[in-house]
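A short write-up of the structure that comes next.
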Amino acid sequence: MPVPVPAATIRRAAPGDAAGLVELARTVAAEPGAWLLTDATWRSAADERRYLLAVRSSPDAAVFVAEAAGGELVGRLSVARDQHPSSPHVADLGVMVAASHRRQGVGCALMDAAACWAREVGISKLELHVFPHNLAAIALYERLGYEHEGLRRAHYVRAGELVDVVVMALLLGGSASAG
Ligand SMILES: CC(C)(COP(=O)(O)OP(=O)(O)OC[C@H]1O[C@@H](n2cnc3c(N)ncnc32)[C@H](O)[C@@H]1OP(=O)(O)O)[C@@H](O)C(=O)NCCC(=O)NCCS
């Protein structure tokens, strides 16, 4: 069910959102803050559409969008269950909000939607990676109860450089069933 916050409506993504989501991701990825793992390159709208079709009713992945009153997509959250057979209760997520719509509760609402979905499909731990310099994102995650689990040093390549990431996670409680 769509969840309203003042700035946007939160709902599951549909294949028709592909172009808007690609535009959002490319814009956020190109910000000088270098918040995302990817730089200004992102998958094509056609690939995005295929991905959205695949995850639409999957118990293993979900994409949520934040849609502003005019129909513009101003936020996105992707969450996917861990593929390892010993950790089907864990899912990894990534979130972004358009600069124009930050500090209005959109990020928080997307994270809440992910936590609801996770509980429904038997996921009891949500984890994420965040760059140490991304203080806004870390503040959001801490506010929602995510804990720092460690620092992965030189773990990713971004723009040709090895970069560190902080691992943060939230235990949702409940059983460790695969859902
Ligand atoms: C991180 C991000 C998703 C936060 O989204 P948002 O919609 O602005 O977050 P919210 O408005 O829901 O903020 C909820 C709370 O998080 C904290 N927070 C969010 N942004 C913050 C900031 N810039 N500075 C300090 N605290 C911040 C605050 O506690 C805030 O509550 P408040 O506004 O009542 O003080 C957004 O800044 C973003 O998309 N950044 C670029 C992409 C990115 O970094 N993605 C995460 C990669 S790991």
Side-chain angles (χ1 to χ4, degrees), residues 5 7-8 10-13 15 17-52 54-55 60-68 72-83 90-115 117-118 125-144 146-170:
V5 287
I10 309 299
R11 61 168 173 79
R12 288 291 288 267
D17 295 324
L21 286 178
V22 168
E23 187 183 337
L24 171 68
R26 287 184 176 159
T27 304
V28 174
E31 287 182 31
W35 314 121
L36 306 183
L37 201 48
T38 178
D39 49 24
T41 57
W42 192 262
R43 61 176 78 102
S44 69
D47 285 348
E48 184 79 273
R49 186 180 167 81
R50 274 189 283 278
Y51 178 68
L52 294 174
V55 303
D60 295 329
V63 178
F64 293 92
V65 297
E67 183 176 352
E72 181 195 0
L73 298 183
V74 295
R76 172 211 183 103
L77 182 145
S78 303
V79 55
R81 191 189 296 272
D82 202 296
Q83 293 301 302
V90 178
D92 186 90
L93 68 81
V95 61
M96 67 183 78
V97 174
S100 57
H101 283 70
R102 290 180 193 157
R103 296 308 289 268
Q104 297 175 55
V106 175
C108 212
L110 285 164
M111 298 288 288
D112 285 348
W117 172 84
K125 178 177 180 179
L126 288 171
E127 68 164 13
L128 56 87
H129 292 89
V130 56
F131 292 132
H133 67 262
N134 195 346
L135 302 182
I138 291 171
L140 167 68
Y141 305 144
E142 285 176 343
R143 176 171 159 161
L144 294 172
Y146 282 70
E147 294 182 309
H148 293 246
E149 291 202 328
L151 180 72
R152 305 187 91 173
R153 296 175 61 191
H155 192 72
Y156 291 114
V157 178
R158 190 188 191 280
E161 304 266 320
L162 287 169
V163 290
D164 300 346
V165 285
V166 176
V167 183
M168 296 184 74
L170 177 70

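Positions are given from 1 along the sequence.
When all heavy atoms of Ala68 and His101 are compared, the pair lying nearest together is CB-NE2, 3.9 Å. Ala154 and Asp164 get closest at one heavy-atom pair: N-OD1, 2.8 Å. Nearest heavy-atom pair, Pro132 versus Leu151, reported as atom, atom and distance to 0.1 Å: CG-CD1, 4.1 Å. Closest heavy-atom contact between Ala61 and Tyr51: CB-OH, 4.3 Å. The two residues Ala99 and Glu31 come nearest to each other via the heavy atoms CB-OE2, 4.1 Å. Taking every heavy atom of both residues into account, Ala8 and Val74 meet most closely at CB-CG2, 4.0 Å.
By the ring-ring contact (aromatic ring centres under 6.0 Å, His included) test, His155 pairs with no residue at all, sequence neighbours left out. Residues satisfying the salt bridge (charged side-chain N to carboxylate O under 4.0 Å, His left out) test with Asp112, not counting sequence neighbours, are none. For Ala13, the side chain to side chain contact (heavy atoms under 4.5 Å, CB included) test picks out Asp17, Leu21, Leu52, Val63, Val65, with sequence neighbours left out.
Between Glu127 atom CD and Glu149 atom CD the span is 7.0 Å, to the nearest 0.5 Å. The structure places CD of Glu23 at 9.0 Å from CG of Leu73, a figure rounded to the nearest 0.5 Å. Atoms CG and CZ, from Leu140 and Arg143 in turn, are 8.0 Å apart once rounded to the nearest 0.5 Å. To the nearest 0.5 angstrom, Arg76 atom CZ is 13.5 Å from Ile10 atom CD1. Annotation: the span from Arg158 atom CZ to Tyr156 atom OH amounts to 13.0 Å, rounded to 0.5 Å. Note that NE2 of His148 is 5.5 Å distant from CD1 of Ile138, once rounded to the nearest 0.5 Å.
The shortest side-chain heavy-atom distance between Leu37 and Phe131 falls under the 4.5 Å cut-off. Side-chain contact between Leu126 and Met111 is absent, with no heavy atoms from C-beta onward closer than 4.5 Å. Side chains of Phe64 and Arg12 form a contact here, defined as non-hydrogen atoms less than 4.5 Å apart.
Judged purely by atom type and a 3.5 angstrom limit, His129 has no side-chain atom pairing as donor or acceptor with the backbone of Asp92.
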Checking side chain to side chain contact (heavy atoms under 4.5 Å, CB included) for the pair Ser44/Val22: CA distance, chi angles, key distance, verdict? CA-CA 7 Å; Ser44 69; Val22 168; over 6 Å; no
Would you check, one step at a time, whether the test side chain to side chain contact (heavy atoms under 4.5 Å, CB included) holds for Val97 with Gln104? CA-CA 10 Å; Val97 174; Gln104 297 175 55; over 6 Å; no
Assess whether side chain to side chain contact (heavy atoms under 4.5 Å, CB included) is satisfied between Leu128 and Val95, documenting all intermediate values. CA-CA 9 Å; Leu128 56 87; Val95 61; over 6 Å; no
From CA spacing to verdict: side chain to side chain contact (heavy atoms under 4.5 Å, CB included), Val157, Leu162: CA-CA 4 Å; Val157 178; Leu162 287 169; 3.8 Å; yes
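Atom CD of Glu147 has 12 or fewer neighbouring heavy atoms from other residues, nucleotides or ligands inside a 6.0 Å radius.
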